[in-house]
There are 2 protein chains.
Amino acid sequence: MIKVSIIGSGNVAQHLIAAFAENDTIALVEVCARNPESVSGLIPKSKIVARPQDLGVADLYIIAVSDSAIAEVSRQLEFSDRLVVHTSGSVAMEAADPKNRRGVFYPLQTFTKGKPVLFREIPLCLEAENPDDFKLLEQVGKTISDHIYAISSAQRKALHVAAVFVSNFTNHMYHIGEQICDANGIPFDILKPLITETADKVMTLSPAKAQTGPAQRRDANTIAAHLEFLQDENLKKIYQTLTQSITDGQKL
Amino acid sequence: MIKVSIIGSGNVAQHLIAAFAENDTIALVEVCARNPESVSGLIPKSKIVARPQDLGVADLYIIAVSDSAIAEVSRQLEFSDRLVVHTSGSVAMEAADPKNRRGVFYPLQTFTKGKPVLFREIPLCLEAENPDDFKLLEQVGKTISDHIYAISSAQRKALHVAAVFVSNFTNHMYHIGEQICDANGIPFDILKPLITETADKVMTLSPAKAQTGPAQRRDANTIAAHLEFLQDENLKKIYQTLTQSITDGQKL
């Protein structure tokens, strides 16, 4: 059994604890939770410690705390030369205290409290300072996910920016759609099949080839009518910026 | 049986023909196709006519041609006082020739050639000049879709703009994500579960509540790092515009 301890009690920590809980290869030794209530249903109370200083021996420590707290938490650990990884998409591996062997165990997904996710479907982006540690991360990762990737810190940075576009900015597009519906007495439900199909399309078709709409077909009349419809300056600006980008055939 | 004829041979026309083909309530009388090849597999050749002028009697004529051709095609019809509808999201009902009774039969979905869609899941937005015609459209619509909505021309205009945001602009976000992956040696596959989950979230949660990410949590450090990463001026502008809009808590 590989001994794993988790530091954190937020969304990612909770999903990891749940994923490791029923696992033949992994022994979830301890969870360090500043807020023990939030993990008390997932793990026996005897395994919860309050401070990083209180953690016992494990083969792997996973720091699943907010980005800004990773460096500090890694310093608070009172042991050295053990494998300590964080779960952040945007923090460099080197941000952790070098007294331990460092790595990254980044699940690329948007976690919502209370909404279950199929962890086996989530891509895990792994990185480690040395090859043996990478092998261990890979071994641990495979017990909970079918999608394991070796991703360097530089690639992870790019990936995090890409994730902001395909997830955060996409959700903002949904939000604007919802607002336009609300303002015109249209149920947002009417847009849901379109949202699903738009996402489903790019599972098999490159987004470059899936692009449709007035900007793609350079339909100046429709674009002008839409801009006239959008009274709000901010929405006008977004519409214009994205239309221009599609029309230009955006290249990096 | 309600007699329906379809004018057009593009994506929407093809999907409508397929949806009506096996239908106990609808008799698909004729299809008027400028390009007969594209519908020859869907309907017997004897039912295909080349010109709107050649169409025989039906209870409902559905004009499924490009937006710019709707008015002209409606003028070419040589009969009057019959029910003639178009399938466009952005053309007013009144754009058709007033010699016939007018209406709209707008399936709100993004159609891709060769990719089957479950027509029963597609919202149909209906409008008609008079109540009896609306009832007929409703009756016809229900034979192919479970989601029938009465949508006025003004609402349809708003809906079409909303659809551009949640579908065309969203696909552009996917495209940018793909380009960032390509430029950094990352397989685009790694983003797919995130794309699926982001769409899936808003099936049950309002997009306003589903918003996450650096802009939402006003994480200035991450935003600055992302802007530094994005060398391309166009991508920088998109990132800034959308981040600002999320931060402002966009209101119409």
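Only heavy atoms go into these numbers, but all of them, side chains included; no hydrogens, no water, no symmetry mates. Chain letters run A, B, ... following the sequence lines, proteins first, then strands; residues in each count from 1.
Side chains of Ser9(B) and Gln14(B): a donor-acceptor N/O pair is absent below 3.5 angstrom, by distance only. Lys201(B) and Thr110(A) share a donor-acceptor pair across their side chains, judged by distance under 3.5 Å alone. Remark: the Gln240(B) side chain and the Gln244(B) side chain contain no N/O donor-acceptor pair separated by less than 3.5 Å. Looking only at atom types and distance, the side chain of Asp67(A) has a donor-acceptor partner in the side chain of Ser88(A) under 3.5 Å away. In this structure, a donor-acceptor pair under 3.5 Å is present between the side chains of Thr212(A) and Asn168(B).
Side-chain N or O atoms of Arg156(B) include one that pairs as donor or acceptor with a backbone N or O of Val91(B) at under 3.5 Å. Using modelled atom types, one side-chain atom of Asn184(B) and one backbone atom of Ile180(B) make a donor-acceptor pair closer than 3.5 Å.
For a residue to count as touching a neighbouring chain, one of its non-hydrogen atoms must lie under 4.5 Å from one of that chain's; by this rule Leu118(A) does not touch chain B. Residue Pro187(A) touches chain B through its side chain alone, counting heavy-atom pairs closer than 4.5 Å. Contacts of Val161(A) with chain B are made by both backbone and side-chain atoms, with heavy-atom separations under 4.5 Å. Looking at Thr243(A), both its backbone and its side chain come within 4.5 Å of chain B, counting heavy atoms on both sides. Interface residue Ser167(A): backbone and side-chain heavy atoms are both found under 4.5 Å from chain B. Phe188(A) touches chain B through its side chain: at least one heavy atom from C-beta onward sits under 4.5 Å away, while N, CA, C and O do not. The contact between Tyr174(A) and chain B is made by backbone and side chain atoms together, counting heavy-atom distances below 4.5 Å.
Contacts from residues 138-154 of chain B to chain A, taken as heavy-atom pairs separated by less than 4.5 Å, involve Tyr149(B), Ile151(B) in sequence order.
Listed options Thr204(B), Leu191(B), Thr198(B) were ranked by heavy-atom pairs under 4.5 angstrom with chain A; first place goes to Thr198(B).
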